[in-house]
2 protein chains.
Amino acid sequence: MSRNKRAELVERSLWLFYRNGFHATGMDLVAKETGVSKTSIYKHFRTKEELILAALQLRDTNFRSWLFDRMETLADTPKAQMLAIFDAIEEWFLEDSFQGCMFIKASAEYQAEDHAINQQSMAHKQLLADHFANLASAAGYVDPETLANRLMVLKEGAIVLAAMSHSAKPAQDARAIAQVLLETTARKQDA
Amino acid sequence: MSRNKRAELVERSLWLFYRNGFHATGMDLVAKETGVSKTSIYKHFRTKEELILAALQLRDTNFRSWLFDRMETLADTPKAQMLAIFDAIEEWFLEDSFQGCMFIKASAEYQAEDHAINQQSMAHKQLLADHFANLASAAGYVDPETLANRLMVLKEGAIVLAAMSHSAKPAQDARAIAQVLLETTARKQDA
DNA sequence: TGCGATATTAACAGATCTGTCACCTACGTA
DNA sequence: TACGTAGGTGACAGATCTGTTAATATCGCA
């Protein structure tokens, strides 16, 4: 299997898992929808779980790169970029393909603390939090990790409510809270 | 089946679905773990989905009654009770049985907008938001619905992160944000 | 042309899924 | 005692699940 075909297999699997759920998506369906025979899939991924992990890894890369790019495009300063998280996710909510956060859904279906899928989902969230903490640090906030974790609370809350209600409005609620939060949180040099 | 046995069946099913997930919990396991034969189960619930809906209904009643009681116990004024949401859920996160929000998980596995399970999950969230809005109104906030929705964002974000990270700390993050939010949001008579 | 590696098809194993069927048991009431 | 009802048992249908096997086909490359 060429690198391209393998990548295509993982990408198409990603969408199937994302849209249908993990348990609800069988390997026969994956084979049918990706055009790759089940035998070939199992030559490259020993188990369904390995394929799910590969899909999550791709999703992690794609989503972080998309979000960080979007934040940079929408705002200049570190502080404004933190607020732009919520403009970016509002755009995401408005896409037809939006179905919630793949990692929340993955860890909901495989929630054992030591399960590889849950750990990989947690790692994704940690990478986001790290990026937010870097921005908070650049913006001069006294306790960047705490601020980053609080932005994560806002982001995850907005995603969950947007997915359940099929509405983009929670992004605006989260953004308004973030604005208050960014204004009232202590910075080293006030400006 | 007596009313008691039926209630016990639903309650035990609830815990199985909550802990294992919905697709991952088969009806044979439900029969085995509840002590009610599969035949009897299917005499009272025509499909697995009907049993899931009954479990969600019970969970809705139990959870709301627990949360609202806890909020009233922990705080006196409407404003303080809104903050006590986050003290209550922190207690919840610290319970061994905590596995995230059953409704988030349900709507993650059955996410079609018109699916009964998703609609019932959404209805639960709406009932919570309504209660918060009543408190916000009693506390004199100018736009109680908006404040209630924002508290929901905080609550859902904290639950998701607590479930994924197996930590109670997101409750404190959410509480700190709520505190700022409650202080900076417009009220009819400032006090 | 012919080799070697890889992919494909189709069937299969063995388990599990939802849901059903026929038959049996236990019990309250007449 | 006899009857109706409600529940239990265990097997079963038919589909689907993950994962495998064996034979066939395709393709790059020498």
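As a whole-Å value, the separation of A/Arg46 CZ from D/dT20 P is 10 Å. Rounded to an integer number of Å, the gap from CZ of A/Phe45 to C1' of D/dT20 is 18 Å. A/Ile41 places its CD1 atom 10 Å from the P atom of D/dT18, with the value rounded to the nearest Å.
Using a cutoff of 4.0 Å between basic side-chain nitrogens and carboxylate oxygens, B/Glu90 and B/Arg175 are not scored as salt-bridged.
Remark on DNA chain C: of its neighbouring residues B/Lys43 and B/Glu49, the 5'-side contact belongs to B/Glu49, judged by nearest-heavy-atom nucleotide.
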Practice problem: Please step through ring pair (Phe, Tyr, Trp, His ring centres under 6.0 Å) for the pair A/Tyr110 and A/His23, ending with a clear verdict. | Solution: CA-CA 10 Å; A/Tyr110 305 91; A/His23 285 95; 4.8 Å; yes
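Note: B/Phe68 and B/His131 have parallel aromatic rings, judged against thresholds of 30 and 60 degrees for the angle between ring planes. Between B/Trp66 and B/Phe63, the ring planes lie tilted relative to each other; the angle falls in the 30° to 60° range.
The nucleotide whose nearest atom lies closest to any side-chain atom of B/Tyr42 is, among C/dT18, D/dG8, C/dT9, C/dT18. Relative to the side chain of A/Thr39, the nucleotides C/dT20, D/dT20, D/dC17 differ in distance, and D/dT20 lies closest. Here the side chain of B/Lys48 is nearest to one of D/dG19, C/dT8, C/dC17, namely C/dC17. In this structure, the nucleotide among D/dG19, D/dG8, C/dT20 sitting nearest to the side chain of B/Lys38 is C/dT20.
With hydrogens and angles disregarded, a donor-acceptor distance shorter than 3.5 Å links the side chain of A/Lys105 to the backbone of A/Gln99.
Within residues 13-32 of chain B, the residues approached by DNA chain C to less than 4.0 Å at the level of any non-hydrogen atom are B/Thr25, B/Gly26, B/Met27, B/Asp28, in residue-number order.
The heavy-atom pair separating B/Pro170 from B/Leu161 by the smallest distance is CG-CB, 3.8 Å.
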